[in-house]
Every structure is written in C-alpha cells, then in structure tokens.
Amino acid sequence: MTQQVTIIGAGIVGICCALSLQERGIPVRLVDRGEPGQETSFGNAGVVSPWSIIPQAVPGIWKKLPQMLLDPKSALSVRASFWPKMIPWGMRFLGKSGEKTVREVSDAMELLCRPSIDLYRRHLHGTGHEDLIADSYYIHAFRNSDQASLDELGYRIRREKGGELERVDSAELRRLEPALSKAFKAAIVIKGQARAISPGRLGTVLAEKARAQGAEFVRTEVTKLTQAEGGNWQLDTSQGKIHAHHVVLAAGVWSADLLKPLGLPVPLVAERGYHVEFPNPSAVLNNSVMDVDAKIVASSMQGGLRVAGTAEFASVDAPANPRKEKILTEQAKALVPELNTGEPQFWMGRRPSFPDSLPAIGPLKGKKGLFAAFGHSHYGLMMAPKTGELVADLVSDRSPNIDLAPFSLDRF
C-alpha cells in the first residue's frame with residue numbers, strides 16, 4: 001500500500017502511528033488544531049514503564065471511593081455537572097474491578113507497555129536527542145511501612161510476569177532518593193523503567209523526524225468526519241474539507257465527538273490531570289517517585305521538578321480548577337521538603353479514559369478505512385509506540401499476530 005494515510009491527532013499516539021507507517025513505506029498526513037505533542041502528551045509525569053500494566057479498577061476500590069470523593073484534597077474529584085455521565089461510566093468501571101478481569105486487562109496492557117522503552121529508543125535513534133529517554137526506577141513511596149507489600153495484587157502480577165521489584169526500607173530509600181521526606185518509611189522499587197525528561201520535547205523531536213521523512217502536518221480543527229461515496233472519508237475542518245482513503249483516529253478524548261454522528265457512541269470520558277512544574281527546584285529526584293498516599297508522581301525534568309496527578313472528571317471544555325495548583329504544591333512540598341516552590345508552572349490536560357483502562361485500537365466495524373487509536377487513559381506515553389506498530393500493521397494489511405479483541409470497541 002502506498003496511499004497516504006491521514007491521522008487525526010498529532011499527540012504522542014498519532015506521532016508514533018506516523019513513524020511506524022513511514023517505516024512501512026506509507027506516506028502520512030497529520031491533522032491537529034495545535035502543535036504536535038503539546039496537548040495531553042505534553043503534561044504527563046514522564047514515566048515510561050513497561051510494568052505500568054495494572055488498570056485503575058482493582059479489587060476493593062469501591063470501598064475507597066466515598067472517602068476520596070469527600071476529601072477536597074483527594075486525587076479524585078467529579079464536577080457536579082458531570083455526575084449524569086459519571087454514574088453509568090463509574091458502574092462499568094466498578095464492574096471491571098474483579099481479580100479475574102484485572103488479570104485479563106493486565107495481559108492486554110502488557111502487550112502495549114512492555115516494548116515501550118525499546119520502541120522509543122528506536123524512534124529517537126539518529127535524532128541527536130536520544131537522551132530524552134533516560135533509564136530510571138519507578139519508586140512507590142509509603143508513609144506506612146506495613147502497606148509496602150509485594151503481596152499486593154498489582155505488585156504480584158508484575159512479578160509473575162517477570163518484573164524486577166524490590167521492597168526497601170527507609171534507609172535504602174534515603175540512599176536512592178536523598179531529597180525525599182523522612183516521613184516515607186518504605187518503598188516498592190520497580191526496576192527496568194525509563195522516564196521522558198521532557199515529554200513535550202519528545203513529541204516535538206519525533207514530529208520533526210516524521211516531517212523530515214515526508215510527513216505532512218496540517219494545523220486545523222476537524223469538526224466532522226463522514227464517509228463519502230466510494231468508501232473514502234471526508235474531514236470537515238475549520239479551513240475546508242480534506243479527503244482521505246484511510247483515516248487513523250488518534251484525537252484522544254475528542255475522538256468520541258467525531259464518532260457519535262457515525263452511529264458509534266463510546267463510553268469515553270475526559271479524565272483531567274494536572275501538573276505543577278517548579279523551574280528552580282533546589283532539589284533533584286534521581287528517579288520517578290509516586291507518593292502512594294497522595295497519588296501524585298514527581299520527576300526531575302529539563303524544565304524543573306514536575307509533580308503530576310489527580311483524576312478530575314468533568315466536561316472536556318470545563319475550565320481548569322485553580323485550587324488544584326495549591327493542593328499539588330502542598331503535596332509536592334510534603335514529598336520533597338527542600339523543594340523551592342517559587343514561580344510554579346500550572347497545567348491541565350484531558351486523559352481519554354475508558355472504564356477498563358484499555359484503549360481502542362484497530363479497524364471500526366462497518367467503517368472501511370477507519371482505524372481507532374485512542375482512549376489510552378493514564379498510559380498514553382507507555383502505550384503509544386506499540387499502538388503505532390499495531391495500527392501500521394493493520395493499515396498495511398499485515399497480521400500483528402496478537403489478539404486485538406481486548407482493544408475493540410465491540411467490547412462495550
């Protein structure tokens with residue numbers, strides 16, 4: 001196949017799809033209203049984890065939700081106007097929290113996450129920016145040492161699949177991360193990880209590579225997607241119409257609005273995440289660190305020390321909640337006491353989340369030439385490169401030799 005493929009969305013998923021298609025000799029065009037890699041892709045915590053394979057819905061989570069929703073400093077919040085959509089989505093979410101389902105979802109997540117480091121390094125090779133992906137541990141830090149147990153289901157699944165995990169006491173944690181608060185008494189160290197030291201820069205560099213290899217970038221907003229006569233596709237945009245034979249839909253949470261007029265409603269919501277980045281932190285973390293109690297992740301990056309977290313459910317266009325900046329700053333200071341919190345950079349992005357933590361990947365039934373690549377929830381940075389490989393194989397009629405049923409929209 002040599003026909004150009006049009007990708008709606010130039011986030012990290014769309015960019016990785018473009019690079020993998022180009023490797024197969026297929027020309028690409030990316031359409032996005034913003035700069036490549038600077039929307040949701042820009043603001044994550046930078047963790048590139050082959051072992052981020054545990055879904056958000058896990059056994060017993062239903063017991064924790066009421067307290068989290070009532071705590072104004074909790075990582076979880078729901079805007080009042082969003083509850084009518086939240087309740088049916090939340091029921092599906094809770095229905096996925098049994099151990100059997102968690103293990104099945106984990107198997108599917110592993111397919112996407114395990115090769116992430118190697119694939120990023122392949123894409124970065126020759127760009128001169130190979131250092132954007134740095135080796136790292138992922139440290140889960142606990143204030144209550146009794147809670148740091150390798151027998152917890154998520155850690156047990158990782159170890160069963162070959163993950164190298166170690167429980168460390170406070171002294172070893174201090175050695176690994178001297179800047180951390182002494183309130184942390186133990187940690188689970190997940191090895192064999194990496195981190196993006198500038199997720200936004202990573203997106204820019206990979207987009208520049210795709211452009212140098214002939215990719216066309218069109219900066220405009222897609223307002224409607226329709227199937228034209230002859231099986232081709234028409235994209236209505238703010239700057240006119242675009243025609244395409246093959247379309248990859250990688251528009252994150254905005255994908256749902258484009259599919260609904262096609263008779264394809266999907267349970268995709270905007271799970272909004274926030275970060276605060278401190279440009280002159282006066283403290284450094286050697287690895288990515290999660291404060292398990294606060295559900296925040298901190299990493300030292302090119303632009304400073306970034307603390308990211310929270311899951312706020314609201315409409316996609318709702319304004320950012322300014323109180324989140326204060327909460328995240330306080331939590332950052334509790335994590336790293338010597339942190340200089342001056343001149344904070346506050347950011348909000350929208351994770352495209354399905355109830356089972358899995359994305360939609362593959363051809364859409366009855367919509368020839370249209371392929372899904374969206375809905376990666378908290379895991380977009382990890383899952384993007386393998387998603388690109390799978391999409392490129394499917395578009396070029398190569399068999400990916402794995403079961404794609406867990407990623408089909410038919411599962412809903």
Does any donor atom in the side chain of [X] or [Y] lie under 3.5 Å from an acceptor atom in the other side chain?
| X | Y | value |
| --- | --- | --- |
| Q193 | S136 | no |
| Q234 | D236 | yes |
| S315 | D317 | yes |
| K161 | S106 | no |
| S74 | Q67 | no |
| Q56 | Y379 | yes |

Under a 4.5 Å cut-off applied to non-hydrogen side-chain atoms, are [X] and [Y] in contact?
| X | Y | value |
| --- | --- | --- |
| V253 | T40 | no |
| I157 | V102 | yes |
| E23 | Q213 | no |
| N44 | R351 | no |
| P363 | L394 | yes |
| R167 | L150 | yes |
| I242 | R29 | yes |

Practice task
Check step by step if side chain to side chain contact (heavy atoms under 4.5 Å, CB included) holds for K386 and E389.
Solution key: CA-CA 5 Å; K386 185 61 177 181; E389 288 289 282; 4.3 Å; yes
Exercise for the section: Determine, step by step, whether L111 and L390 satisfy the side chain to side chain contact (heavy atoms under 4.5 Å, CB included) criterion, reporting the C-alpha distance in whole Å, the side-chain angles of both residues, the deciding distance to 0.1 Å, and the verdict. Expected result: CA-CA 10 Å; L111 291 170; L390 293 175; over 6 Å; no
Would you check if the side chain of [X] reaches a backbone N or O of [Y] as a donor-acceptor pair within less than 3.5 Å?
| X | Y | answer |
| --- | --- | --- |
| Q38 | P36 | yes |
| E130 | R121 | no |
| R114 | P50 | no |
| Q22 | A210 | yes |
| R350 | E39 | no |
| N286 | L176 | yes |
| R219 | R33 | yes |
| K367 | L262 | yes |
| D393 | P400 | no |
| Y274 | N321 | yes |

Measuring from [X]:[atom1] to [Y]:[atom2], what's the distance to the nearest 0.5 Å?
| X | Y | atom1 | atom2 | value |
| --- | --- | --- | --- | --- |
| S408 | D403 | OG | CG | 10.0 Å |
| E325 | T341 | CD | OG1 | 10.0 Å |
| L94 | L65 | CG | CG | 6.0 Å |
| L249 | L370 | CG | CG | 6.0 Å |
| T220 | L235 | OG1 | CG | 9.5 Å |
| L202 | I197 | CG | CD1 | 10.0 Å |

Nearest heavy-atom pair of [X] and [Y]: which atoms, and what distance?
| X | Y | answer |
| --- | --- | --- |
| G192 | I117 | O-CD1, 3.7 Å |
| K73 | D71 | N-OD1, 2.9 Å |
| V276 | F346 | CG2-CD1, 3.9 Å |
| R195 | L285 | NH2-O, 4.3 Å |
| L268 | G375 | CD1-CA, 3.9 Å |
| R24 | S396 | CD-OG, 3.9 Å |

Exercise for the section: Please state whether the rings of F42 and H275 are parallel, tilted or perpendicular, taking 30° and 60° as the class boundaries. Expected result: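 Tilted.
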Problem - S97 vs V58, side chain to side chain contact (heavy atoms under 4.5 Å, CB included): CA-CA, chis, key distance, verdict - result: CA-CA 4 Å; S97 63; V58 294; 5.8 Å; no
Exercise for the section: Taking the six-membered ring for Trp and the single ring otherwise, decide whether the centroids of H140 and F142 are under 6.0 Å apart. Expected result: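 Not close enough - the centres of the two rings lie 6.0 Å or further apart.
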Within a radius of less than 6.0 Å around [atom1] of [X], do more than 12 heavy atoms belonging to other residues, nucleotides or ligands occur?
| X | atom1 | value |
| --- | --- | --- |
| H125 | NE2 | no |
| R323 | CZ | no |
| K85 | NZ | no |
| K209 | NZ | yes |

Handout entry: Passing candidate, ring pair (Phe, Tyr, Trp, His ring centres under 6.0 Å) with W89, options F354, F412, F313
Key =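 Filter result, single survivor: F313.
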Practice task
Report the C-alpha distance between R158 and L165 in whole Å, list the side-chain angles of each, state the deciding distance to 0.1 Å, and finish with yes or no for side chain to side chain contact (heavy atoms under 4.5 Å, CB included).
Solution key: CA-CA 8 Å; R158 291 175 174 99; L165 282 71; 4.0 Å; yes
Handout entry: Pair R143 + D291: basic N to acidic O under 4.0 Å
Key =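 Counted as a salt bridge, because a side-chain N and a carboxylate O are separated by less than 4.0 Å.
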